[in-house]
Amino acid sequence: MGEIKVGVIGVGSIGKVHLQAYQAVPDVKVVAVTDIVEERAKQVAESFGIPRYYTDYKEMLEKEDLDAVSICTPNYLHSPMTVDALKAGVNVLCEKPMAINAQEAQKMVDAAKATKKTLMVALCWRFSDEAKTIKEFVKQGYLGDIYYAKVGILRVSGIPGMGSWFTNKDKSGGGPLIDLAPHFLDLAMWFMNHPKPISVKGYTYAKFGPLDKRRGGWGIPEPGGKFDVEDLGCAIIGLENGATIFVEMSWASNIEKDTSYCTLLGDKGGAEMMPPKIFTEMAGKYVEIIPKVEKVNLYVEEIKHFIKCIQEGTEPIPKGEEGVIDMQIIDAIYESARTGKEVRF
Ligand SMILES: NC(=O)c1ccc[n+]([C@@H]2O[C@H](COP(=O)([O-])OP(=O)(O)OC[C@H]3O[C@@H](n4cnc5c(N)ncnc54)[C@H](O)[C@@H]3O)[C@@H](O)[C@H]2O)c1
């Protein structure tokens, strides 16, 4: 297979990160970008030396002879754009969250199956050396049976794009739960081999966003736009193998500093991911093992993997079906928070 020709749809914050990453990978050429804001599409195309730009992704799919696209648009567009691209015979790398709900995510998996094209969800943390190291310890049995996991990403002041699509439930699907859980909840599920969820009890709160407090650096704010999502969500998830995951995700909270953690408890050992540590018993002692990890560019590693999967016709490490399970859990957290009841699957 020769040079892989790529188009990037949506060149706001993360779209530009994808462009930089593609330009760092051999045998790939970004030939076009699309953004609904023409000025942005033009300016980004010029600054990255990309030959053509569009304001309509369907026109780009029709006119360009693309092997792949990155979809870096607001969440509600992920599913329809992915399905259109796959049907046009183009492989897709779609940003997280996979979609605004599990039903929309399932359409993406179905389209990938029907077209036999590659669908990869951009779960960049899976490509960190931290996550790969923990996965290897799990695979080699050092943790034994993992029966409990705790994951959290908590920010002091990090509401993205106040008033933009980020804080509009119809366009985002929700707040930090849908925005951040696809990173670390997905990792816990990956380490545990994506067991089926059987029960979810969730809670959501909006204490800062409605008062226009705690804006963060990410996203493009829109004055006058609405905030109808949570700014903190948490849940307890029961899995069919008897294990439990506790999850908490927040864009804004009264805590000392921004925090993220992924903790696994197994009957032979425990693990922390940030940074990686393993806790176990050896020679009659309780020990802490500190694996040495490399700092890598998550996005370059993710895109290298996507390109390799296309070239070799192999299935990506983040599987579409796993993304659907992650979305089913997130849907259930929102439903449980809304009804006040536990969701049983
Ligand atoms: N993996 C990560 O670390 C990470 C980080 C940030 C964002 N994201 C995800 O990436 C996606 C985009 O986030 P962002 O922060 O870049 O948002 P953003 O608002 O900065 O950029 C979105 C871009 O999409 C464009 N757009 C909107 N509608 C469009 C359409 N119909 N056709 C073409 N372009 C359109 C907008 O004009 C904008 O330029 C989200 O799903 C977000 O969750 C992932």
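Just so you know, ligand 1 is whichever comes first in the structure, and atom 1 is the first atom listed for that ligand. Note that the structure is predicted; figures quoted are calculated from it, not measured.
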Name each N or O atom in ligand 1 that is under 3.5 Å from a protein N or O, and give the partner atom and the distance.
residue, atom, partner, partner atom, Å
ligand 1, 1 (N), Glu95, OE1, 3.0
ligand 1, 3 (O), Tyr299, OH, 2.8
ligand 1, 15 (O), Trp218, NE1, 2.5
ligand 1, 16 (O), Ser13, N, 3.2
ligand 1, 16 (O), Ile14, N, 2.9
ligand 1, 19 (O), Trp165, NE1, 2.9
ligand 1, 20 (O), Ser13, N, 3.0
ligand 1, 20 (O), Ser13, OG, 3.1
ligand 1, 34 (N), Ile36, N, 3.2
ligand 1, 37 (O), Asp35, OD1, 2.6
ligand 1, 37 (O), Arg40, NH1, 3.1
ligand 1, 39 (O), Gly12, N, 3.3
ligand 1, 39 (O), Asp35, OD1, 3.4
ligand 1, 39 (O), Asp35, OD2, 2.6
ligand 1, 39 (O), Arg40, NH1, 2.6
ligand 1, 41 (O), Thr73, O, 3.4
ligand 1, 41 (O), Asn75, OD1, 2.6
ligand 1, 41 (O), His78, NE2, 3.0
ligand 1, 41 (O), Lys96, O, 3.3
ligand 1, 43 (O), Lys96, O, 3.0
ligand 1, 43 (O), Lys96, NZ, 3.1

So is Lys150 actually on top of Phe184's ring, under 6.0 Å and inside 45° of the axis?
->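 The answer is no, since Lys150 fails at least one limit relative to Phe184.
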Cationic tip of Lys201 above Tyr203 ring, under 6.0 Å, 45° of axis |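 Because its charged atom sits under 6.0 Å from the ring centre and within 45° of the axis, Lys201 does stack over Tyr203.
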Side chain to side chain donor-acceptor pair (under 3.5 Å) between Tyr54 and Glu38, worked out = CA-CA 7 Å; Tyr54 297 84; Glu38 183 167 6; over 6 Å; no
Can Lys42 and Glu46 be counted as an ion pair, charged N to O under 4.0 angstrom?
->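 Counted as a salt bridge, because a side-chain N and a carboxylate O are separated by less than 4.0 Å.
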Partner residues of Glu104 under the side chain to side chain donor-acceptor pair (under 3.5 Å) criterion, sequence neighbours left out |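 Glu104: side chain to side chain donor-acceptor pair (under 3.5 Å) contacts with Ser79, Lys107.
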Does Val8 reach the side chain of Tyr22, with side-chain heavy atoms less than 4.5 Å apart?
->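 A side-chain contact exists here, since the closest heavy-atom pair is under 4.5 Å.
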